[in-house]
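Here is the structure we will look at.
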Amino acid sequence: MKLEHIGIAVQSLGVSDELFAKLLGKESYKKESVEREGVTTSFYAAGESKIELLEASREESPIAKFISKKGEGIHHLAFGVDDIAAEVQRLKKEGFEFISEEPKEGADNKLVVFLHPKSTNGVLIELCQEKP
């Protein structure tokens with residue numbers, strides 16, 4: 001398991017893209033809309049990991065709800081795994097709770113599942129695997 005990316009909830013991708021391009025000294029390598037989740041993303045390479053900026057594309061999306069409660073900031077930590085189904089089963093046996101145990105399509109050509117923050121010290125954890 002490796003840190004794949006850090007997800008950051010933002011009000012405006014335009015404003016945040018400008019900020020992170022200056023901070024990291026490079027432009028976003030990919031922008032993508034994930035309609036099912038009501039989010040638009042922008043990815044930056046950052047060493048061995050990535051930064052994923054997340055902007056809500058509709059008011060009832062999880063990102064919009066997060067920002068209304070907590071404001072902009074770190075939304076989740078994502079860990080890359082080789083076999084997402086096996087990791088779900090392993091972590092369930094260890095007592096972790098999932099928001100959904102069934103992997104679904106996420107951004108950046110990944111299959112994803114999320115662990116519930118109540119079982120991870122309040123941190124939303126994403127597991128992601130490259131789609132076959």
query = Side-chain donor-acceptor pair under 3.5 Å between E35 and S33, yes or no?
reply = yes
ask   = In terms of hydrophobic clusters joined by side-chain contacts under 4.5 Å, are V113 and I6 together?
value = yes
key: Minimum heavy-atom distance E37-R58, with the two atoms named   = C-NH2, 3.9 Å
query = If you look at every heavy atom in L24 and Y44, which pair is closest and at what distance?
reply = CD1-CB, 3.6 Å
request  = Could you pull out the closest heavy-atom pair between A46 and I51, with the gap in Å?
outcome  = CB-CG1, 4.2 Å
inquiry  = Taking side-chain contact (heavy atoms from CB on, under 4.5 Å) as the definition, give me every residue that meets it alongside S16, ordered by chain and number, with sequence neighbours left out.
reply    = V10, L53, E72
Sub-4.5 Å side-chain heavy-atom contact between R36 and K104 = yes
request  = Could you tell me the separation between the CG atom of L91 and the OG1 atom of T120, rounded to the nearest 0.5 Å?
outcome  = 10.5 Å
key: Within one Ile-Leu-Val-Met-Phe-Trp-Tyr cluster: L77 and F66, side-chain cutoff 4.5 Å   = no
inquiry  = Quick one, P132 and L111 - any side-chain contact, counting heavy atoms below 4.5 Å?
reply    = yes
ask   = Would you say the side-chain atoms of S42 pair up with the backbone N or O of K31, donor to acceptor, closer than 3.5 Å?
value = no
message = Are L124 and L115 packed together at the side-chain level, in the sense that at least one heavy-atom pair is separated by less than 4.5 angstrom?
response = no
task = Say whether F114 and V34 are linked into one hydrophobic cluster, either directly or through other cluster members, by side-chain heavy-atom distances under 4.5 angstrom.
result = no
key: Min side-chain heavy-atom separation E126-H5 under 4.5 Å   = yes
ask   = Looking at side-chain heavy atoms only, is the closest gap between K131 and K110 below 4.5 Å?
value = no
request  = Check whether any side-chain N or O of S28 sits under 3.5 Å from a backbone N or O of K30 as a donor-acceptor pair, and report yes or no.
outcome  = yes
Under the side-chain contact (heavy atoms from CB on, under 4.5 Å) test, residues paired with L23 that sit two or more places apart = F20
Pairwise salt bridge (Lys or Arg N to Asp or Glu O under 4.0 Å) hits with a residue in residues 40-50, at least two apart = E4-K50, K50-D108
Heavy-atom pair of closest approach, residues S57 and T40 = CB-OG1, 4.0 Å
message = According to a hydrophobic-cluster definition based on side-chain heavy atoms being under 4.5 Å apart (Ile, Leu, Val, Met, Phe, Trp, Tyr only), do V81 and V112 belong together?
response = no
request  = Sequence neighbours left out, what pairs pass salt bridge (Lys or Arg N to Asp or Glu O under 4.0 Å) with at least one residue falling in residues 112-121?
outcome  = E97-K118
Heavy-atom side-chain contact between I125 and H76 under 4.5 Å = no
CG-CE distance between L3 and M1, expressed to the nearest 0.5 angstrom = 11.0 Å
message = Please evaluate residues F79 and K2 with respect to the criterion side-chain contact (heavy atoms from CB on, under 4.5 Å), reporting the C-alpha separation (whole Å), side-chain torsions for both, the decisive distance (0.1 Å), and the verdict.
response = CA-CA 5 Å; F79 293 96; K2 67 171 184 147; over 6 Å; no
message = Per the salt bridge (Lys or Arg N to Asp or Glu O under 4.0 Å) rule, what does the pair list look like for residues 79-89, sequence neighbours excluded?
response = E87-R90
request  = Give a yes or no on whether the backbone of T41 and the side-chain of E32 come within a donor-acceptor separation of less than 3.5 Å.
outcome  = no
key: Joint hydrophobic cluster, I74 plus V123, side-chain heavy atoms closer than 4.5 Å   = yes
task = State whether the side chain of S119 and the backbone N or O of F96 hold a donor-acceptor pair below 3.5 Å, judged by distance alone.
result = no
task = Give, for atom CD of E27 and atom CD of E18, the distance between the pair rounded to the nearest 0.5 Å.
result = 9.5 Å
query = Taking side chain as C-beta onward, heavy atoms only, is E55 less than 4.5 Å from Q11?
reply = no
message = Which Ile, Leu, Val, Met, Phe, Trp or Tyr residues join Y29 in one cluster when any pair of side-chain heavy atoms under 4.5 Å counts as a link?
response = F43
key: Any side-chain heavy-atom pair of E59 and K65 under 4.5 Å   = no
